Amino acid sequence: MSAQEQTESRQNGEEVQQEVGQLNGDGQVEEQAVTLPPVTVRIPSPSCPRTVPKSQDSTEPRNRLTLYPQPTETIQDLKILINDWAGAYWLGPYSLRLPFVVAEDGRGKVFSKKQDLSEIRAGERLNEWLEVQDAFAHLEDDQERVLEIVKEPYGEFTARQSVLRLLELVAPAGTSTNTTSTPLALQSGATIFESVRDGLLPPNAETTYEEIEVELPSGRKGKGGKKELVKVKRAVSNDKSHAFADWKTEWASIPLATLPVSQPPLEVSPCVKTIQISPFNPPPPHLRQLGHQLYLQIALLEGETVTVICSTRGWYVSKSNVNQFDAAPRPAADGSIPAPTHSLIDLLHTISPIFSERLSKLAPLSAEPPALDPISTVAIPQAEPSYPWLATSPKPATAPEVLRTQLAFLHTGAFGADSVDAARDWNEEIQGIRELPRGSMQERVFREKMLQKVWAEFDQAAIRAVQSVARGDIPPINPAEDSRAHMYLQSNIFITQGDSDALDAYSHLGGDAAMRISHGKDVAGVRLLNKLDVDGLYMLGHTIVDWQGRRWICQSILPGIFSNRRKEDDEDAAPTGNDEDKKEKKEDWVNVSGGSPTSATSEPPAENAGDDEAEVSDLDSENPMMIYGVDSERQTTIHWDAATHKLMAQIGTAHRLAAHKMRDGKGEEHEFYASAEVKGLRGTDGRRYLLDAQRLCPVDVEWLEKDMEGKLVGPDADNEVQGPTYPHRLVMLRPELLETFWESELKRWARGVADKAQAKKNEEAKAEASSEAGPSSEKVDGEPPAAEEIAEAVAPKEEQHPAVEAAAAHRAEEEKPVDASVIGDIKQFELRFNPDAFVEQVPTKDSDETFLPAAINDESDPSVKAVRDASVFLRSIAIPAVVLDVLTGNTSGLMDGQSLSKHLHGRGINIRYLGHLASTIVQFSAGPDGKEKSETGHLASLKNIVIQEMVFRASKHILRTLLNDLQPETVTFAVSHYLNCLLGSSVNSSPSATFHPIGVSDHEDEPAYVSLTPEVLRKQIIEEVQQRFRWTLDDTFLTQGLRKKQLLRELAMRVGFQLAQREYIFDKEQAEAASVNGEEEKSVNGKDKKKKVKTVAPKRNTVFEPEDVLTLVPIIKSTAPSVTVAEEILEAGRNTINRGSIDLGLEFMLEALQLYENIHSVIHPEVASVYNQYSQAVHQLARVKIQQVAASAEGSDHEQPLGLDVTTALRLQRQAVTVAERTLGVYHHETAGYYFNLAMLENLEGNAQQALRYFRHVLTLWDVIYGPGHPEINTVLSNVGVVLQAINETTLSLSLQKQAYESTLALFGSAHIQTGQSLHQLTQAHFLAGDMPSALSTSEQALAIFATRLGEEHGQTKEVKKNVELLRAVLDNVERQKERNEQVKKESQERLRLARERVGQLGAGAGTSAARGRRLGQGLGGGNGGVRIVDPAALQAVAAAAAAAAAGTGVSSGGQHGVPPVEGQAEGVASAPEGVVPTAEEISHIGARGTESVEELVRFIQGQQQNQAPTARRGKNALRGKRRTGAKR
């Protein structure tokens, strides 16, 4: 960053500097990225000349590689780059060393010493974690930097790594040769982006046709045989047609059977037949002593199977065969014994020419670009891959691959159970990484990168462990207890059931339902604490896996949790009189805190110190590790620790939690910040761990008091219908809501302070107040219309419900500007929440009550009152604000229940408020008298999504209950029958369930799904919706209102199962039609015995069959921490752009993007999100600059560059789409948003064809995710119309704009602002199509809407008004032109009549017959073409008549709209001196037309010019808004 940019940043705002300064570890912004000089790496030569192909560029030798390292890159990073280079891919184990320079002691010269006393010595191996800049710290900048590759001896580990490296080369991911992967489900990490990008249509897509004109001979001979033009249809090739060439006006849903869900693997030729670990492994002791490390058996394509031996020196081919082992080297063709080859790949090149030939066509040797982008094929390292909800069963089901079962050995080196090392200590790994230094940017990046890596591996291990436990492969560690309370230990992961309250710990809150919710809240709390990352507090590795109807809790093992430490802890905690022991204990606590400044320097208060010692001495013997919080087993016992309390203060400050007192069973009070139920435990490793973080946020007291057993809020709300009791009492507020409420209260406080300051200022200066009150009062009076503008932009004030006005008024009040100069210090504002307020207590064992009232409910305490206010704010402000934003079009992208849930969570609204949200939508749609009306526009689509989400969640709960405790092979029968009852009742109203007992017992009970019927299921769903969402479903909605295809997709994706890809028909009529078509096809095939009879599938009685359910997919809820260092830089970039420093802000965003890539690896959903954010920022900035250029003076260059790197934004957006498809899903709502942004960027860059392809796919995504009828689909159609205008497809563009307008009109009505916008776009389409009257009509309709909704002074109203005036002027000009042309036509016809008379007279005088005169007259009247022989006298007469006509009024060039008549010629002739007759030479055009046919001469007399195209120039009065028609910059 230059000094000038630093100055601009300081002027625009110093927060960015402070933010980035914190990241750099100092108080200044980093001036410029340090660039290191290039490093040259010397590479040895291979043994076989075929190993390294010759370079096509002679300037790039293969024996050396020049690298340009970054300052933070290590030697290991350089080795990764070297291994991917074509000249070094073959290398075996090696090290990088500095060139040898002898020292006095005979060893390599010592160049430098580091602080850790390590030496950097010439000729010795460099540490792989050494930074590159440190390796060359002894050199000046202008000195050459050289590293040498030195081969290292083999060990067993490096031998196994060489085999894995060979597999990466010969069987790359995403190809047909990769048969060793074992994913959790089918087609993992699928993507179709490249197929969409290249316009590859599905095999059964309809052929596109276009109309063309073909010349056909008329059948006449000679020159008179004119060719005729005939319109015919011709198939359009994919390279010529655009994506909308076959678009039809009616919406056509894409059949599920042809829906693209993945692209086939890339077909490549195998380099070898098979590779496998030789059965002669492991090497016997006497051969291992000789250096044998590994035996490998390889079947070559030449037909030979060799056994390759890896020794310490390298690889060689032995004399062994498949049945007999002989370790002796096989002699060469000349009888000599070859030396071992250091590289396995080099050896294969030597013994197999076909291997060399095939490998040269793969990366990194191939000179051709890869057929598929590597980002779409490489394995996903640190993210859970997506699994398509529709999949195809592989045929054959599996392929033989011996190495697949041997991968475990290649990765671990274990040949048997006795050689398997102990499982990874996940907790020590996680906590050890947390304790890494984080003082500098580099240290923070490395620390977070390691955290993300270990968390991803922990999640994968948790999935595998849960599946083993669910199958019954792992015995419980407490087999004597109830099966619902069983605990398991697998791979050092502690696994428990998360939805069975076997110990009655949640009986006062709702039992099993409360326990399931509690663990979900616990995961959210752990995620918050991991993000906060308080030094000295530790969190266990924690993951939730939902699998086969159950919720499993996976945690790393707390040190000491299984050890019997009771006696030890009692001895440690016993009070003694030895001051030395007390001092030692105190120092131990300080050290455990992690060395944080606050823990090390702060001492506990004197009065608390005594309490601390007392609490430690009174630790319950049954919980020797607990040091902080309420004991779960003994609710009256409270543990407290001063050092832990100081660390919790940081959490309280970050989450705005108030310090409050809690009383234990002895009546003693202890202070807490978080809830007392958040427990602190001390592990045997000396670390403090926090558990049970579900109560970090306060209780939703309004729900507890009003909705636990209150009336329903649905359509029956007026009937005072009391709904069933809510399933549990563990209802919490979300942290996002607390943040929103805190910001709202801060603004209200600031406005109050500013008003008081202004009032005081007015009182002190009465004389000046009158002069200054004008603008002040105008400002106040001018703000209320903002609320009216928000509301009236949607509907007229007389049609609004008061709730809309109230929400709009609150929004206007929130957005009212505040004078920050009069506020003072913001620290004066104090608002904190008590997380223990209104928390109901656990009853005693002797009590008959389910729960006891809350101990803290005094609302005179501000922190308690804040909890109540936040709960009220959620109902009265937050929910109406969501509906208002959707109503006004400020919220977009709500396509399905998943996007709705994410949006609501981001706004702090719990899913249990879906019924209240639906009720608010109904209220906003009602009239001013409160009478309900049907929802329109955005509210109608939002209500559809909300109600369908309620149905989905109710269905999910029911299905989860049915799947519980089922055997895996029975699950497919249960799921298919459930889907038939829910979605297939129209085809079969009484589907029968299938159940096959396993046969292990004669008394096997039938599972619950067998007795399920559609009627019972609908009743259960209605009850679930009433119970969980306080809403009453209409009985007909489940049979008529469901969007079944969309609900099927959400069930598959969010419950976790894959369906076979075929067409699922949900309507009985369509099913019968499909069966009839199948029978007809069968009969037709039967008529002709020569044709192959097509096999027709047997008729189905139900929509779903058990074989349609392919497999279940686990659903993961991870607690991986966020990337805080990259998030801070990204936020700094956004703030910098908002302050006007665009280039600097984009630099910040790119730096953050690189950090995301470094920490997460590229293929991660967070990286895709940052890609999209950067590209979207560039697109928005480009639009702003285009508008500025369009609004500038007419003399400015409209083609000037924008000064933005749109090319980089396009590349990143394409990668965002691919990454999103592979990690989120091909048919995910975020993927659809990325595709839309990519289409807009392609259009901005002028790539119209690509933009149309992406827009077409966006419409496909809308069809799959939501279906037809969403208002945002009209936005897509309108954008498509704009792009089509840019490629001169005006007719199709007009059709799409009409379709968008008609849909908008049906959704919003004729007076909505959205209808006006659609009319405005339709005006552009009509204008470009040349239909001026229609353009004027639509523009006048748009003007009426804008004037009513936005007012006459609004910018858009003025723009439309100018268009109306311009169109009226054009039409007036056209009318005047028509009148003028009519007058000219009449005069021409009169002259023609006179000319004919004169011709007739001349003909009579020359002796011609009357019949001949009539023939000539008929010819002049417009015969049917051809050259006719005309009498010279008649020709001369016609020429004279033409001259007279030209002398009279001139010749009009008219007939074309908008083009003025050519009057120059008439004026020229009329200005000739009176009485002077022009000669034949002066009228040159007469002679020029002397050889033309009579018809052409007549047309010339009538003023009809030939071959004259309409003028296409745009004058000053051309229609405004051209910039929106898709023209390039």
Side-chain angles (χ1 to χ4, degrees), residues 185 256 387 389-391 470 499 516 546-551 897 948-997 1005-1025 1027-1028 1033 1035 1037-1068 1071 1100-1115:
L256 295 180
Y387 300 97
W389 64 284
L390 292 176
D499 49 9
R516 184 180 180 89
D546 289 338
W547 169 250
Q548 200 168 307
R550 284 188 175 182
R551 171 160 289 184
Q948 181 128 335
E949 177 68 4
M950 287 191 279
V951 173
F952 159 75
R953 289 185 174 268
S955 305
K956 181 184 70 171
H957 289 299
I958 298 171
L959 179 59
R960 176 173 51 82
T961 305
L962 295 176
L963 296 182
N964 202 354
D965 295 330
L966 290 181
Q967 292 293 328
E969 61 269 22
T970 311
V971 168
T972 59
F973 295 95
V975 173
S976 61
H977 179 66
Y978 182 84
L979 294 177
N980 282 324
C981 293
L982 178 64
L983 303 175
S985 59
S986 298
V987 176
N988 188 341
S989 59
S990 57
S992 59
T994 305
F995 171 64
H996 299 295
D1005 296 331
E1006 285 190 345
Y1009 79 88
V1010 177
S1011 59
L1012 188 69
T1013 63
E1015 294 77 12
V1016 173
L1017 178 58
R1018 286 194 286 268
K1019 183 179 179 181
Q1020 290 180 357
I1021 290 176
I1022 292 174
E1023 291 176 353
E1024 282 282 333
V1025 171
Q1027 184 182 37
R1028 295 182 179 274
L1033 274 178
D1035 295 339
F1037 180 82
L1038 293 175
T1039 56
Q1040 301 177 8
L1042 277 180
R1043 289 175 284 116
K1044 296 183 179 180
K1045 184 171 71 173
Q1046 287 72 28
L1047 182 58
L1048 175 64
R1049 168 192 156 272
E1050 293 220 52
L1051 282 169
M1053 291 183 64
R1054 298 169 66 182
V1055 174
F1057 56 84
Q1058 287 183 308
L1059 294 171
Q1061 184 173 13
R1062 68 172 190 83
E1063 188 59 28
Y1064 296 98
I1065 301 175
F1066 304 106
D1067 295 331
K1068 188 173 184 179
R1100 289 183 172 226
N1101 296 323
T1102 57
V1103 179
F1104 301 93
E1105 298 290 344
E1107 57 268 19
D1108 293 334
V1109 183
L1110 299 179
T1111 183
L1112 265 65
V1113 182
I1115 305 296

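These numbers come from a predicted model, not from an experiment. Computed from heavy atoms alone, side chains included, the values below leave out hydrogens, waters and symmetry copies.
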**Q.** pair E1107-T972: side-chain heavy atoms closer than 4.5 Å
**A.** no
Taking [X] for the side chain and [Y] for the main chain, is one N or O donor matched with an acceptor at less than 3.5 Å?
X     : Y     : answer
Y1009 : T994  : yes
Q1058 : A185  : no
Y978  : L1012 : no
Q548  : L966  : yes

Q | Residue pair E1023, I958: steps toward the side-chain contact (heavy atoms from CB on, under 4.5 Å) verdict | A | CA-CA 11 Å; E1023 291 176 353; I958 298 171; over 6 Å; no
Q: Take R1054 and I1115 through the side-chain contact (heavy atoms from CB on, under 4.5 Å) test and state the conclusion after the steps.
A: CA-CA 8 Å; R1054 298 169 66 182; I1115 305 296; over 6 Å; no
**Q.** Full working for side-chain contact (heavy atoms from CB on, under 4.5 Å) between I1022 and L1038
**A.** CA-CA 9 Å; I1022 292 174; L1038 293 175; 4.1 Å; yes
**Q.** Partner of V1103 under side chain to side chain contact (heavy atoms under 4.5 Å, CB included), chosen from N980, L1048, I1065, D1067
**A.** N980
**Q.** Any donor-acceptor N or O pair under 3.5 Å, side chains T1102, E1105
**A.** yes
First locate atom [atom1] of [X], then atom [atom2] of [Y], and finally report the distance between them rounded to the nearest 0.5 Å.
X     : Y     : atom1 : atom2 : answer
F1066 : R1043 : CZ    : CZ    : 13.0 Å
T961  : Q1020 : OG1   : CD    : 8.5 Å
T1111 : F1057 : OG1   : CZ    : 11.5 Å
L959  : H957  : CG    : NE2   : 11.5 Å
R1018 : T1039 : CZ    : OG1   : 6.5 Å
H977  : L1017 : NE2   : CG    : 9.0 Å

Q) Looking at R953 and E949, does any basic side-chain N land under 4.0 Å from a carboxylate oxygen? A) yes
Q) Does D1108 come within less than 4.0 Å of R1100, counting only side-chain N to carboxylate O? A) yes
Q) Do you know the tightest heavy-atom contact between I1021 and S955? A) CD1-OG, 3.6 Å
Q.
On a heavy-atom basis, which atom in A954 and which in V1025 lie closest, and how many Å separate them?
A. CB-CG2, 3.9 Å
Quick one: side chains of residues 981-993, donor-acceptor pairs under 3.5 Å with protein atoms, not counting sequence neighbours, listed by atom name and distance.
{"residue": "S986", "atom": "OG", "partner": "K1044", "partner atom": "NZ", "Å": "3.2"}
{"residue": "N988", "atom": "OD1", "partner": "S990", "partner atom": "N", "Å": "3.1"}
{"residue": "N988", "atom": "ND2", "partner": "N1101", "partner atom": "O", "Å": "3.0"}

Q.
W389 vs L256, test: side-chain contact (heavy atoms from CB on, under 4.5 Å). Steps then yes/no.
A. CA-CA 11 Å; W389 64 284; L256 295 180; 3.9 Å; yes
**Q.** is_close_aromatic(Y1064, F1104), centroid dist under 6.0 Å
**A.** yes
